[in-house]
Every structure is written in C-alpha cells, then in structure tokens.
Amino acid sequence: MSTTLEPTGTPVPSSAARGITGASVRPGDRVFLGLSRGAGLLILLTMASIAIFLVVKAIPALQANTANFLTSTAWFPDQSPAVFGIAALVFGTVMTSIVAMVLAVPVGIGIALFIAHYAPRRLATALGFVTDLLAAVPSIIFGMWGLQFLTPHMEGLGEWLNTYLGFIPIFTNTLGLYSKSILIAGVVLAIMILPTISAITREVFVQVPRDHIEAALALGATRWEMVRLSIFPFAKPGMISAAMLGLGRALGETIAVALILSASYDINRHITEPGGNTFAANIALRWNEAGPIGLSALVASGLVLFVITLVVNMGARAVIARRAEFSGAN
Amino acid sequence: MAKRIDVTDLDIYYGSFKAVEGATLSIEPRSVTAFIGPSGCGKSTMLRALNRMHEVIPGAYVEGKVLLDGEDLYGANVDPVNVRRTIGMVFQRPNPFPTMSIRDNVVAGLRLDGTRRKKAELDEIAERSLRGANLWDEVKDRLHRPGSGLSGGQQQRLCIARAIAVEPQVLLMDEPCSALDPISTLAIEDLIEQLKERFTIVIVTHNMQQAARVSDTTGFFNLSGIGKPGKLVEMAETDVIFSNPTQQATEDYISGRFG
Amino acid sequence: MSGITSFEGDQSTALLRMALSGRRLPRWGVPAAAVVALAAAIGLNAVTGIDGVAGTLVVAILLFVAGQTGWSFSVEGRRHALDRLATTAIYATFALALAPLIGLLATVVVKGSQVLSSSFLTTSMRSVSPRSEGGGLYHALLGTLEQVGIAALIGVPLGILTAIYLVEYAPSGSSRHLARVVSFFVDVMTGVPSVVVGLFVYTAFVLTLGMQRSGFAASIALTILMLPVVVRSTEEMLRIVPRSLREASYALGIPKWRTILKIVMPTAIAGIITGAMLAIARVAGETAPLLLTTFLSQSINPDPFTGPQSALPTFIWDQFSSGTDASVNRAWGGALVLIILVMVLYAVAKIIARFAGVKKL
C-alpha cells in the first residue's frame, strides 16, 4: 500500500536525523487545528448571536406593546400606544403548514417508494434527479407561478369543496372568492417541501437491507405487504424526521407565501377564502414600511418563528439520532 | 405434506445474461437435496428459481418447466406470491425483521394471508414452529424481545421457524450456515435432519462435508466456461457423488482439485 | 418417475393447484381498465358538467382506481386488490409531483423567453418606468454574482475548515464534546428560516455595528445560509475517504495537517466542490434575507459595500409587485435568468459528482 503513494513535495528527513522525540503537536498541526476549530466555534458564535440579537432587539417593542403579544390579532406597532400580537400569524402559519403537510407527506413518501422500489432502475436515477431539481427552484418563482397559474385552477377546487364539503367549517366559503387563500398557499408550500420529504425518505428506503425485503417476499408477501412488513418499520424514524424537516421548511417559508396570501390580520377558519398571514410573510411585507418599534415588533415575531423552527428541527434530529443508536446496536 | 419437484430443461436468464442452462432434475419428497459447485456456477440461482425468488431482480425470467407435484410453477395462472407461500426459503445471512419481537417474527407470514387468527392460535403456532426449529427452550422466556438480540445461529433458527410456520411444502435453504460458527452449524444440520421428515428440503452449500453429512441426493453445478451459463453436471445419490461420480469434473471438484 | 405422484391422490393435486394458482387479472387488464375509465370519464362529463382536462383526468383516475380495485378484489382477492391499489397510488403520487415541476418550468421558459434579449441582459432599470417596456436586469445580475460570490468566498472555506475539524481533528483530540456541540448546531443551523437570518444580519450588523444596508450585508446573510450545507456535504465526503489512505500517509511520517491537505482533500475534492456548488445554487435564489438587508436599486452599482444594490431575486420581487404588464413580464424574464443560473450550477455540480466522485475502495 505505502509503496503506491507518491512522495510528497518536501523530502521527509529520516528519523535518525530528526530523532523520535519532539513536540507532540507540530506547528503546522497547531495552526491548522486552530483554524478549523475557530471555524467550528464561529458557527456556535453565530447561532448564539442570532438568539441574543433577536431577543435584545425585540425587547423595545415588547415593552411598548399595550396589547397581549400572544393573543392579539392586531398589528399596529408604530401607533402610539403600540398594539400588536401574533395570534393571527400563528394561526396562518400553522394552517398553511398543516395543509402543506397533509398533502406533501403521503405524496412525498409515495414518490420515495416509487423511486426506491417501484420504478425501473435506470428511470429511478433520472427521476431522483428531477425531484432534486424541484428543490433547486427558488421560492420566489414558486410564488409567482402559484399566484398566476395555480390560482385559476385552484379556484375550481375551492368552489367544489364549498359546494360538496361546505358543511365542514374549514371548506365553507361565504365570500364567493377563492383566490389568495390559505389553501392555495398550503398547496404551493406542499410542492416546495416535497423534495425535502421525498429525498430523505428515499435515502432511508434505499438503506433497507435486501435481506429484509427478500425475507418478506419469501414468506409470500405481495409487494405492498413487503413495503409494510420490511420497509416501513425500518424506515419509520427516517420518515418521521423527514416530515419534521419538511415542516420546518414550510413554517419558515417567506416569499412564496408573501406573494400568494392576501395579508390580513384576522383568524379566518375558512381556508378557501382570501386572507391569512404567516410570521415569515408578515416580516417581508411589513419590513420596508416599519418604524423603529415596527421593526422591533417584526424582530419579536421572528424570534417566535426562530424558536418554533428550532424546536421542530431539534425534534427531527432527535428522532434520527435515536435511530442511529438503534442501528448501531445491530 | 411434502411434495416432489421436477425440473425440465430449465434456462434461467437475468436480462440477456443466461445464468443457468438446460437444467433437468428431480427432487424427491421428504428428502434433503444438496446443490454444490464453485462460486458463480448458478446453484443459488437454480434454488431461487424453484420459488420464483429470482424474479425479485428486474429482468429475470426462465424458459422450461418447474413442476411441483405436476403443477407448473411458471404456468399462466400461477401467482408467484402463492408459490413462495408453498415453497419457503431460508437465506444465507439470518434476516429476522429487526423491528419485530421473536414471536412476531415467527408469525409474520401468517399475518399476511388475510385470515384473522386469534392471539392464542398465533401463540400456539409460534411455539410449535419454534419447537420445530429447536429454538423454543432458548427463547421461551423472551418471546417479546427483538429477534436481533439473538446470536447468529439462533437468528437463523428463528428464520427457519418463520419459514415453517406457514406450513410450506418445500423448504429452500441458500447456504444457511455460511455465516455461522461450527457449533451453530451443527445445530442447524441436526435440525435439517429432523425437518426432512415433514418437508422436502433443498440446500445450497459451499461446504462439501456439509453436503455429505446432511443430504440424500447431491447435484453438482459447474460453469461451462468463463462468461458462460452454469450447468448441472451430475446429480445422484450423495454416496455415489462422493465415492464414485461418473463425471471427471465432479471428481475433480470433490477431491479439491479446483473450486 | 413422475408416476410416483399418483399415490398422493387426485384430491391433493387439486388442492395444490388451488394453493398455487390464485387467479390473476389478465395482462391486458390494467390498460383495458384505464381506457374504459377514461372513456367513462369523458362520457360522464356531459352529464355532471365537470369540464376541463384536469377535471376529466381526475374523474378518470378515480374511476380507474375504483374499477381496477373492484375487479381485482372479485378475481384475485383482497390482498392483490390492496397491492394494486397501493401500486396505482404510488404511480399517481409520482405523476402528481411531476406535473407542477413541468408546469412551472414550462411557464418560466414560455413567459421568460418573451422578454429575454441581449438588451435585457445588458441594461439596467435606470429611468425605465414600471409601465414601459424595455429595461433589463444587468444591475441585478451583477449584484447577485457579487453577493453570491462574496458569500461563497467566505462560506466555502469556513465550511470546509469546520468539516475538517469535525472529521479529522475532533474525534482523536480532547475536544470531542465541543465537536459534538458544533455538529449539533450545524444541523440546527440548516433549519433556521432564511428570513430569520436576514433579521439577525439586520439587527446585528446594521442596527448594532452601524453597517449599511448593502450588497455585503446580503452576502453575510447568504454566507450563514450556505455554511451548514457546505459543512455537511464536506463532512460526508471526508468520511468516505478510506482510513487506509490516511494510515499509509502517517506510516510514511507525514504529519497530520499535510496528510489532510495532500492526501485526504485531493481524494475528496470533487465531492467537496459538488457540495459547495449545490450550496451556492441553493442561496442564489434566496429573496427574503435580501429584502431585509439591502435597499432596492434600479441602477448599476458595482460596489457591494456602499449604497443600494439590486440582485436577481429582489429584481423579480420588485418587478412582480409593480404589477403592470410590462413589469410582470420583466419579472418572468428575471425568473428565467435566475432559474438558468441555478440549474447550470446544479447541473455542473451533478456532473462533477458523477465523473469525479471519491473512488470507493
């Protein structure tokens, strides 16, 4: 093995000349270790400062606020006295994300299954590439497309839901208007988080050992039974964390939602009607017109979004980590 | 219970590659048949073609006939899923389902056939199958622990228990001991001896001594040349193959001159 | 020889045949069901008044699923019916995902190519009113190249160094705990929404340190967004480099840092470049952090450190929000340019990965 290595630039002095004693860490290593450790520390510093600066800069607005920050739906931070709260933002963020998850999780898992175990091998590689491309499309383009081209098609769906499922409160539409709704924003979000979900689940599906698949088939399982018997149990933690990472992305998505929703500060349960707002979209839309307290209020809402996505992402990582330990034991 | 298998002029393909050519053989019920031969000679492919497991690889197909008691396994109306229920299989490496308990592993196949069974009935079948696989005494106190916690030899017997729980006619074993230590290997060989009273057993093995120890009939497979398909060179009673084979290639292989 | 079977008796043979031969749908069953479903859907259209291609297809698919499952259930039984239902559903999900991608790309190409011209690429929006045709995105393209370029210059080396720390130094050193913490926060950082990163850069660098809202402020935000992606992909590549290579180098008396630079990095370099390019492609289309950290500009500003500087995403945002026919068309033109930029980065990265990946031993 060693004979195949090219000698490196400078000739290494023979051990006789150099001796076998000396500093245990040589200068080159010290510098390199210092640089690389510094880079690692910088990441910690960045994360810490994100938290610190958001908290510090949120305080002025929170102190000036005369409404309840958590339960108020109003957003007038630059009035005096300032009145603002995140209730409408929470509702809109959660509703768009729920719509996105309901659509994207099953479809994402279906795509992953299709690529990993149903499609012919050669087609599968190409299809994997295509779904990855979907992930590379910038979100502003999703927003434009959702507004100009998806909306006209979705209006029919909205009407249909109102006509046939209108007895379910969320599908009721009393306005007769079906554009710029939470439903449409949720559908666009679903398309945007699909690649995240399907890429991660696909990775786990491919890792399912061939032995387990053959064990199921040899017992006389149909392909679907094999999927349920061998693939899903093995891939469950991966599927859960994929869904949570997708959720994290949906919660924080800004521009596409800002373009599609017709921003309003109320809690409207009719998701096919225009209206709704999310943390991220609200920040982008209000930023350039906000005064000092307005900016601070937006920072405060951003802090809440930061904490929510942090919790979701840490949860996803925890699920993956548990799995790593599990498979390490085998 | 046990059935005979008759293979006539079977060619096995993976896409355009012909892996096995012109195999014709008969496997007697309630006996152990061993397939031996050098690596890549098609013996495992042959075994997998007996319960259509080779079809798991896309593009695989066969020409010729495989009859189970006169029924063609490749007939137009035959469902490969049902073939695999009738002809069970044990693999080279033990592969219990890692997320299931020992008991659930054993009854995994029964859960598939669509009939609802009572828990007590499943428990009974689990016990019977584990006893049949000589594993019951070792695991009866930890039936609800994961199967992956067992030793390699125990895992392999668990897989055998899982295979016999669905009451197959034939049991195929693809080098079932190659991943095991000598003691575990002996335990499996003893088990094979007992199982042949109830099942027709076909075993692929690398180990000639194993073939000599456990089988009644032995088939010797060999490559007809580099890049050419594997062929069944000779098949006869095990004693005959090991003492007095008719083909020179068989004798060379048995006496360790190649492979 | 086959005569021996007769002692088993005819009855058991019949039982065996039943056991093996579960009845299956004919080979032409699936296409036939599809054709019938489509025909029925078109027929139904006249009755129910559902119109449009999309509506007809949805009805056809539903009919197909119901028909095939029902037929399969009656002929093949529950298990096979379920299997076919699952197969259809899985194929359908795939079509469902492919449709928006194709629709979106087609839209961008069709709408964008209408305004794409050499003058669109070489002029700015200076003194072009939102209502009038003409103008271009040269200023924005320049801004994006500068901002993303600076972000890459900072983010890629930092990311690679962090990965080297995590893979090469931390496991053997005394700082295993620190490494674990860094690794955890790299993961967490991946999930921080881009708008929050924009908020952070604004509050820390603009409000606190007195930096201008500028192209460089945007670069800092993009660096933060890029960093964890570069770390993760580099880490993955370094881990693939076989241990035996490192040991061979150590055995020759080559110090660790030289081993990393001369042996490990060259082996993994293609993968590292691929990861970096994917990270760059990812951040090139980011809009939200730019909105918070730069001022929009309609003119060419080659200096990322002072004054307002445009970028492709903010150009698109601005033109699209202006809402006139001419400006929306320009937004689509910008979208086409941006998507081409991202896709080229992406494709090159994938090609490098395919042809020069780490050689597995």
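In the text below, chain A, chain B and the rest are named by the order of the sequence lines, each starting its count at 1.
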Problem set entry | Per-residue contact mode, C:Leu278 against chain A (heavy atom under 4.5 angstrom) | neither
Exercise. Where does C:Thr107 contact chain A at under 4.5 Å (heavy atoms): side chain, backbone, both or neither?
Worked result: side chain
For this session: Would you mind checking which part of A:Leu295 comes under 4.5 Å of any heavy atom in chain C, side chain (CB onward), backbone (N, CA, C, O), both or neither?
Result: side chain
Exercise. What is the minimum heavy-atom distance between A:Gly246 and A:Ile197, and which atoms define it?
Worked result: CA-CG1, 4.2 Å
Exercise. Chain C: which of A:Thr309, A:Val56, A:Leu298 shares the most heavy-atom pairs with it under 4.5 Å?
Worked result: A:Thr309
For this session: Measure C:Leu338 against the heavy atoms of chain A and call it side chain, backbone, both or neither at under 4.5 Å.
Result: side chain
Exercise. Measuring heavy-atom distances to chain A, does C:Ile224 have an atom under 4.5 Å in its side chain, in its backbone, in both, or in neither?
Worked result: side chain
For this session: Give, as side chain, backbone, both or neither, the part of C:Tyr346 having an atom under 4.5 angstrom from any heavy atom of chain A.
Result: side chain
Exercise. Given that the side chain runs from C-beta out, which part of C:Ala89 has a heavy atom under 4.5 Å from chain A: side chain, backbone, both or neither?
Worked result: neither
Exercise. Any chance the side chains of A:Arg286 and A:Ser301 put a donor and an acceptor closer than 3.5 Å?
Worked result: no
Seminar exercise, completed: So, the part of C:Val201 with a heavy atom under 4.5 Å from chain A: the answer is neither
Exercise. Measuring heavy-atom distances to chain A, does C:Phe320 have an atom under 4.5 Å in its side chain, in its backbone, in both, or in neither?
Worked result: side chain
Exercise. Hey, which of C:Gly159, C:Pro193, C:Gly198 has the most heavy atom pairs under 4.5 Å with chain A?
Worked result: C:Pro193
Problem set entry | chain A contact via C:Leu98 - side chain, backbone, both or neither, heavy atoms under 4.5 Å | side chain
Problem set entry | C:Ala331 portion near chain A, given a 4.5 angstrom heavy-atom threshold | both
Exercise. So what's closer than 4.5 Å to chain A heavy atoms on C:Leu296: side chain, backbone, both or neither?
Worked result: neither
For this session: Counting only heavy atoms closer than 4.5 Å, note whether A:Leu285 contacts chain C via side chain, backbone, both or neither.
Result: side chain
Problem set entry | Side chain / backbone / both / neither for C:Thr190 at chain A, heavy atoms under 4.5 Å | side chain
Exercise. To the nearest 0.5 Å, how far apart are CZ in A:Arg317 and CG in A:Asn313?
Worked result: 6.0 Å
Exercise. Side chains of C:Trp332 and C:Gln319: do they bring a donor and an acceptor to under 3.5 Å?
Worked result: no
Exercise. Which answer fits C:Leu261, side chain, backbone, both or neither, if we ask what part of it has an atom under 4.5 Å from a heavy atom of chain A?
Worked result: side chain
For this session: Can you measure from CD (A:Glu225) to CG (C:Leu82) and round to the nearest 0.5 angstrom?
Result: 7.5 Å
For this session: Determine the option with the most heavy-atom pairs under 4.5 angstrom with chain A, choosing from C:Leu227, C:Asp83, C:Leu166.
Result: C:Asp83
Problem set entry | Heavy-atom pairs under 4.5 Å with chain C, option from A:Leu245, A:Leu259, A:Leu42, A:Thr131 with the top count | A:Leu259
For this session: Tell me, for C:Leu291 versus chain A, whether the close heavy atoms (under 4.5 Å) come from the side chain, the backbone, both or neither.
Result: both
